[in-house]
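Okay, so here's the structure we're looking at.
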2 protein chains.
Amino acid sequence: MNDFQIDMDEFLPLRDVVFNTLRKAILTGQLRPGERLMEVHLANKLGVSRTPIREAIRKLELEGLVIMIPRRGAEVAQITEKSLKDVLEVRKTLDVLSVELACERISEEEKKQLKEACEEFEKATRGKDASVIAKADVKLHDIIVDATGNQRLKQLVNNLSEQMYRYRFVYIKDESQHEKLIAEHREIYEGILAGDKQRAAKAAGTHIDNQEKSIISQIRLEKKR
Amino acid sequence: MNDFQIDMDEFLPLRDVVFNTLRKAILTGQLRPGERLMEVHLANKLGVSRTPIREAIRKLELEGLVIMIPRRGAEVAQITEKSLKDVLEVRKTLDVLSVELACERISEEEKKQLKEACEEFEKATRGKDASVIAKADVKLHDIIVDATGNQRLKQLVNNLSEQMYRYRFVYIKDESQHEKLIAEHREIYEGILAGDKQRAAKAAGTHIDNQEKSIISQIRLEKKR
DNA sequence: TCATTGTTGTTTGTATACATTATACATGGA
DNA sequence: TCCATGTATAATGTATACAAACAACAATGA
């Protein structure tokens, strides 16, 4: 249990390595909501001193992934149905903004990438490997936010998306939804290519709405256990 | 020069005091873009050790107010016209979302507060004291985002607003704009009270557009100097 | 039995010491 | 003069040491 490990490949300050490690552990659920993050413990586990651990926690704190209790330290933030609805409400708006801006600003090169990503996604769904599908999904959305040319938007959308990383697999694993997912992606893709803002925006909206449904029902399930 | 001081009133961990202090110094322009934040220097200046300084910088880093250069430390992030347009593009969308949600969800109590804040703002503009006007403006917008009941939205909108804190006074000081500002606020206020999403959203949009114009022209002025 | 207080251990908060690296400047040679 | 190299300095990156606060639990008294 709790067997996350540091990724030594990276050539970064330890604080950033620790930050990425803890972040991933939280987002994938290896560190559970409510779990305390004790500095010496983490330091021993990851083989570093307390300093980089603390600095990583400061960043996680600002990102909202952990909450600080004075003189008691950090613990993994609880995810409530309410907080997730809040996140999704904002994310929906920003995703819609993204595709609208993408309609206006996408380059020819990016259009090609988008087409490839779309096909890649369809292929991935046939493969049934959830992590491959998830990756293809991320790729597709990345291309869209990149096409907006708005760095800040990209950063915010990515951040909001990652808040739901834990639940990503819920709706990706559900094969009965795959056709729907493909159709939604295709609709967004075609809307952007055609420069049809309304069409793309509407598709992006329903795309999020469907995710919301899956995730919320999953949360209710977890709550009951 | 550079005469910001620590605010000792606060009863918080030093890292948070330092964070707030540096943040304010950056947002008000006391720490200029490009300026290096050297740890020992700041530590001496604020009378603390390097540790809280470093932890504060980690948070500023994640917030995008400083950028880290490996082995060289932190410096205050540059604000370019592009980065500001990016911020405003996102903020406009989120402000519009805020008033739309406020239309649906505002309580009777909040309606009363909103009315008062609106009148307060009008009174403030007659007083000509920019900081009073700014405060009334913040109050008004706070009530609106609070009325959405969406904590995440509130946090993001506040953060984006603060990015432009430096330029706030530009459009607030310009008395020729006061009538327009009052009218815009009134329009937003009445739209929300009437539950008229379209009306309120449109007003909020033009409100941001006007701010954008003032701020962009100000940036171009500063650039020329 | 219950409440209060004392004590001990654990954890965070802060400071400082040590290691490493980048930069600047000087020195020497072509 | 210009370039290269070496050295010194100063800053960050990391580890550790010390202080203060909190929590748990035991002991004591009513």
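In what follows, every heavy atom counts, from backbone to side chain, and hydrogens, waters and symmetry copies are set aside. Letters go in sequence order (proteins before strands), and every chain restarts at 1.
- Between the CZ atom of A:R36 and the P atom of C:dT11 there is a distance of 7 Å, given to the nearest Å.
- D:dT12 atom P lies 11 Å from atom NE2 of B:H41, rounded to whole Å.
- When all heavy atoms of B:V157 and B:S98 are compared, the pair lying nearest together is CG2-OG, 4.0 Å.
- Using a 4.5 Å heavy-atom cutoff, the side chains of A:E212 and A:K92 are not in contact.
- When rounded to the nearest whole Å, the span between CZ of B:R58 and C1' of D:dT12 equals 10 Å.
- Side-chain N/O atoms of A:R15 include one lying less than 4.0 angstrom from OP1 or OP2 on D:dG13.
- Distance, B:L46 CG to C:dT14 C1': 15 Å, rounded to whole Å.
- Residue B:R71 places a side-chain atom within donor-acceptor reach of the base of D:dT12, judged by atom type and a 3.5 Å distance cut-off alone.
- Expressed to the nearest 0.5 Å, how far CD1 of B:I144 lies from CG of B:D146 amounts to 10.5 Å.
- Among the atoms of the strands shown, base atoms are found under 4.0 Å from some heavy atom of A:R54.
- The separation between B:D16 atom CG and C:dG13 atom C1' is 11 Å, rounded to whole Å.
- Among the protein residues, A:L37 comes within range of the sugar-phosphate backbone only, with heavy atoms under 4.0 Å from sugar or phosphate atoms but none that close to a base.
- Not one side-chain nitrogen or oxygen of A:S49 sits closer than 4.0 Å to the OP1 or OP2 atom of D:dT14.
- Rounding to whole angstrom units, CD of residue A:E39 and P of D:dA17 are separated by 16 Å.
- Considering only the side chain of B:P13, C:dT14 comes nearest among D:dA15, C:dT14, D:dA11.
- Computed from coordinates, the B:M68 CE to D:dT12 C1' distance equals 8 Å when rounded to whole Å.
- Between A:T51 and D:dT14, a side-chain N or O to OP1/OP2 separation shorter than 4.0 Å is absent.
- With contacts defined as side-chain heavy-atom distances shorter than 4.5 Å, the pair A:F19/B:L62 qualifies.
- Within the 4.0 angstrom heavy-atom criterion, no nucleotide atom of any strand lies near B:I69.
- Within the nucleic acid shown, A:R50 comes within 4.0 Å of at least one base atom, counting heavy atoms only.
- The distance between atom CE of A:M38 and atom C1' of D:dA23, rounded to the nearest whole Å, is 13 Å.
- Within the 4.5 Å cutoff, side-chain heavy atoms of A:N210 are placed close to those of A:E184.
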